[in-house]
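Worksheet: the structure to be examined is printed underneath.
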Amino acid sequence: MTKNAVIYGGGGAIGTAVATILAKQGVRVHLVGRTLERLQQAAGGIESVEVAVVDALDEAAVVAHAESVVERFGSLDISLNLVARGDVQGTPLIEMAAEDFLAPVANAARAHFNTARAAARIMTTRGSGVIVVLNSGSGHAGSPMMGGTGPADAALDSLCRNLAYETGPSGVRVVGVWVAGIPETLTPEKLGAVNPAMGTPEAHQGVLNHLASLRMTKRSPRLAEVAETVAFLASDHARGITGTFVNATGGMFT
């Protein structure tokens with residue numbers, strides 16, 4: 001039977017890259033997000049793909065879509081959440097507004113809980129499935145000037161471990177990847193949305209250089225490398241991995 005993978009926030013670069021690999025492996029991919037145009041653009045060169053407009057913060061919508069995937073295609077085997085959280089960075093915590101600090105924490109916790117729970121309810125009844133979480137690893141390493149990013153990542157780390165314990169006996173794995181910045185996704189526009197001061201070409205290059213300097217390898221993992229890691233973790237080759245995060249940061253922290 002063909003496997004089905006749902007990628008929330010699937011209209012972005014990471015979702016497109018992972019979807020492309022999974023489709024080549026024979027997986028039917030469902031790209032989900034809030035903007036139909038972006039989803040359709042991402043799906044353009046991918047075989048065996050479906051798109052749907054779903055807000056991961058909307059509990060009922062997430063459940064309805066997950067159930068529709070099973071009803072139409074027979075299963076939900078892989079769930080990957082890449083939804084943006086509204087992080088605000090570059091401001092000292094003592095100068096940051098409470099809303100800017102709390103928003104990414106609340107958004108990350110709600111969106112990932114909604115999607116992971118919907119998938120887990122389906123997967124546990126079938127006795128198999130993989131839920132994949134991706135974040136920067138800031139909750140593990142400690143990251144100053146990152147606002148609510150660290151606490152948001154820590155919440156996802158905890159969710160991954162706890163859900164893995166609860167669903168493991170039913171054959172469901174919950175795994176994650178720490179990436180700490182992927183150059184192809186860190187455009188000046190995206191950096192500017194997080195912190196206006198980082199939106200210039202000079203600041204953008206400075207951020208990329210700084211990230212590379214922090215890694216043991218002195219280079220940042222590329223988008224294709226991260227996507228391959230995610231696809232591996234979602235595959236049967238990684239059956240022994242659950243309840244943990246794979247460090248794909250190039251050794252930024254241990």
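Computed from heavy atoms alone, side chains included, the values below leave out hydrogens, waters and symmetry copies. The first residue of the sequence shown is numbered 1, and numbering continues consecutively from there.
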Next on the checklist: Taking side-chain hydrogen bond (donor to acceptor under 3.5 Å, both in side chains) as the cut-off, I'd like each qualifying pair that reaches into residues 29-47, sequence neighbours left out, listed once.
Outcome noted: Asn4-His30
Next on the checklist: Per the side-chain hydrogen bond (donor to acceptor under 3.5 Å, both in side chains) rule, what does the pair list look like for residues 96-115, sequence neighbours excluded?
Outcome noted: Asn81-Thr115
Checklist entry - By side-chain hydrogen bond (donor to acceptor under 3.5 Å, both in side chains), which residues pair with Gln205, not counting sequence neighbours? => result Asn209
Item to check | Residues clustering with Tyr165 (ILVMFWY side chains joined when closer than 4.5 Å, directly or via others) | outcome: none
Checklist entry - Considering residues at least two apart in sequence or located in another chain, which fulfil the side-chain hydrogen bond (donor to acceptor under 3.5 Å, both in side chains) criterion with Thr249? => result Asn247
Checklist entry - Quick one: side-chain hydrogen bond (donor to acceptor under 3.5 Å, both in side chains) partners of Ser220, sequence neighbours excluded? => result Arg215
Item to check | Residue pairs passing the salt bridge (charged side-chain N to carboxylate O under 4.0 Å, His left out) test where at least one lies in residues 216-229, sequence neighbours excluded | outcome: Glu184-Arg222, Arg219-Glu225
Checklist outcome for this item: By side chain to side chain contact (heavy atoms under 4.5 Å, CB included), Glu95 pairs with (sequence neighbours left out) Thr91, Pro92
Checklist entry - So which pairs with a foot in residues 218-246 pass ring-ring contact (aromatic ring centres under 6.0 Å, His included), sequence neighbours left out? => result Trp178-Phe245
Checklist entry - Pairs in or reaching into residues 9-28: which pass ring-ring contact (aromatic ring centres under 6.0 Å, His included), with residues at least two apart or in two chains? => result none
Item to check | Where at least one partner belongs to residues 116-131, residue pairs that pass side-chain hydrogen bond (donor to acceptor under 3.5 Å, both in side chains), sequence neighbours excluded | outcome: Glu59-Arg117, Asp77-Arg126
Checklist entry - Thr167: what forms a side-chain hydrogen bond (donor to acceptor under 3.5 Å, both in side chains) with it, not counting sequence neighbours? => result none
